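Keep in mind that this is a model prediction, so the values were computed, not measured. Note on naming: letters A, B, ... go to the chains in the order of the sequence lines (proteins, then strands), and numbering restarts at 1 for each one.
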Amino acid sequence: MYAVVSRIPPGRVMTYGEVALALGMPRAARVVGGALHLLGSESDVPWHRVVNRHGMISTRCPEHSMWEQAARLRAEGVVVDDTLTLDLARYRWAPDRGVLADLQLAPEVLHAVDTLLARAEPADDARADQPRRAGNVPRSRGPASRRRL
DNA sequence: ACTATGACGCTTC
DNA sequence: CGAAGCGCCATAG
């Protein structure tokens, strides 16, 4: 998780969900937030480059306050408005294949990421018609699904 | 083993 | 567009 976040270039952002996706865990977005919460204030991990799906800063942690996050982002040239929101279309970043290969992910996880990213593409006309269950991404049957140990 | 709790996200209304 | 409802999943009690 920290390896992925650490690859986000200055001035760019990822959402919690995207970070989870990059790890082959499409439904663990909350955990990403929890993990970032555990970081100390002098960590090298650029925690401020992760926002929610609206492009809005959503931290409540006093250690890493919303204002602190906004300040760090602005220092990197990101425009953050007064509602602590930024333009995701403009600043969103995603690791390319080369970066993914360099993350020291377990081969199984890497494969899971591949299938997830491939599945994410044709979302245009393959979607809908079927009543989608509210709540989250449908559970996958692929290698990405979690099994109890 | 069980329950409550989020720096989340999707669908519905 | 905003709020409500619910699902998810690792952690903390």
Side-chain angles (χ1 to χ4, degrees), chain A residues 1-76 78-95 103-106 108-149:
Chain A
M1 212 286 291
Y2 297 139
V4 171
V5 174
S6 297
R7 292 301 203 290
I8 306 175
R12 307 297 298 280
V13 301
M14 283 181 77
T15 69
Y16 297 98
E18 287 165 352
V19 173
L21 190 66
L23 293 171
M25 304 172 65
R27 291 169 299 285
R30 305 189 75 141
V31 182
V32 173
L36 291 181
H37 176 70
L38 297 177
L39 292 172
S41 45
E42 50 232 50
S43 169
D44 292 332
V45 178
W47 55 270
H48 57 283
R49 305 211 263 255
V50 185
V51 296
N52 69 17
R53 90 187 136 115
H54 299 301
M56 182 167 58
I57 291 171
S58 57
T59 173
R60 266 166 275 169
C61 172
E63 230 355 93
H64 319 90
S65 74
M66 50 208 322
W67 309 110
E68 168 74 8
Q69 183 168 2
R72 289 198 186 202
L73 286 172
R74 285 171 178 145
E76 297 178 350
V78 176
V79 176
V80 183
D81 69 21
D82 50 0
T83 66
L84 296 180
T85 303
L86 55 83
D87 184 1
L88 264 187
R90 187 171 164 192
Y91 301 109
R92 190 199 306 270
W93 178 85
L103 286 178
Q104 298 186 1
L105 298 174
E108 181 178 336
V109 174
L110 191 56
H111 180 262
V113 173
D114 266 355
T115 57
L116 284 170
L117 293 183
R119 187 169 317 200
E121 281 307 323
D124 296 325
D125 55 29
R127 57 59 174 139
D129 300 346
Q130 301 300 329
R132 265 177 296 176
R133 177 172 47 92
N136 212 333
V137 178
R139 198 187 314 274
S140 167
R141 278 249 152 255
S145 60
R146 302 285 294 175
R147 278 180 287 275
R148 276 227 174 266
L149 299 179

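Not one N or O on the side chain of Ser65(A) forms a donor-acceptor pair closer than 3.5 Å with the backbone of Pro62(A). With hydrogens and angles ignored, the 3.5 Å screen pairs no side-chain donor or acceptor of Ser43(A) with any backbone N or O of Leu39(A).
Every pair passing ring-ring contact (aromatic ring centres under 6.0 Å, His included) that includes a residue from residues 20-64 of chain A is listed here, sequence neighbours excluded: Trp47(A)-His64(A).
Between the CE atom of Met56(A) and the C1' atom of dA3(C) there is a distance of 13 Å, rounded to whole Å.
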Between the protein and nucleotides 6-9 of chain B, which nitrogen or oxygen pairs are less than 3.5 angstrom apart?
residue: dG6(B); atom: N9; partner: Arg30(A); partner atom: NH2; Å: 3.1
residue: dG6(B); atom: N7; partner: Arg30(A); partner atom: NH2; Å: 3.0
residue: dA7(B); atom: O4'; partner: Ser58(A); partner atom: O; Å: 3.0
residue: dA7(B); atom: N6; partner: Leu36(A); partner atom: O; Å: 3.3
residue: dA7(B); atom: N6; partner: His64(A); partner atom: ND1; Å: 2.9
residue: dA7(B); atom: N3; partner: Tyr16(A); partner atom: OH; Å: 2.7
residue: dC8(B); atom: OP1; partner: Ser58(A); partner atom: OG; Å: 3.0
residue: dC8(B); atom: N3; partner: Arg30(A); partner atom: NH1; Å: 3.3
residue: dC8(B); atom: N4; partner: Arg30(A); partner atom: NH1; Å: 2.6
residue: dG9(B); atom: OP1; partner: Gly17(A); partner atom: N; Å: 2.8
residue: dG9(B); atom: OP2; partner: Arg53(A); partner atom: N; Å: 2.7
residue: dG9(B); atom: N2; partner: Gly135(A); partner atom: O; Å: 2.1
residue: dG9(B); atom: N3; partner: Gly135(A); partner atom: O; Å: 3.1

Worksheet item: Step by step, would you call Glu18(A) with Arg92(A) a salt bridge (charged side-chain N to carboxylate O under 4.0 Å, His left out)?
Response: CA-CA 10 Å; Glu18(A) 287 165 352; Arg92(A) 190 199 306 270; 2.2 Å; yes
Item to complete: Quick one: do Arg12(A) and Glu76(A) satisfy salt bridge (charged side-chain N to carboxylate O under 4.0 Å, His left out)? Show the steps, please.
Response: CA-CA 9 Å; Arg12(A) 307 297 298 280; Glu76(A) 297 178 350; over 6 Å; no
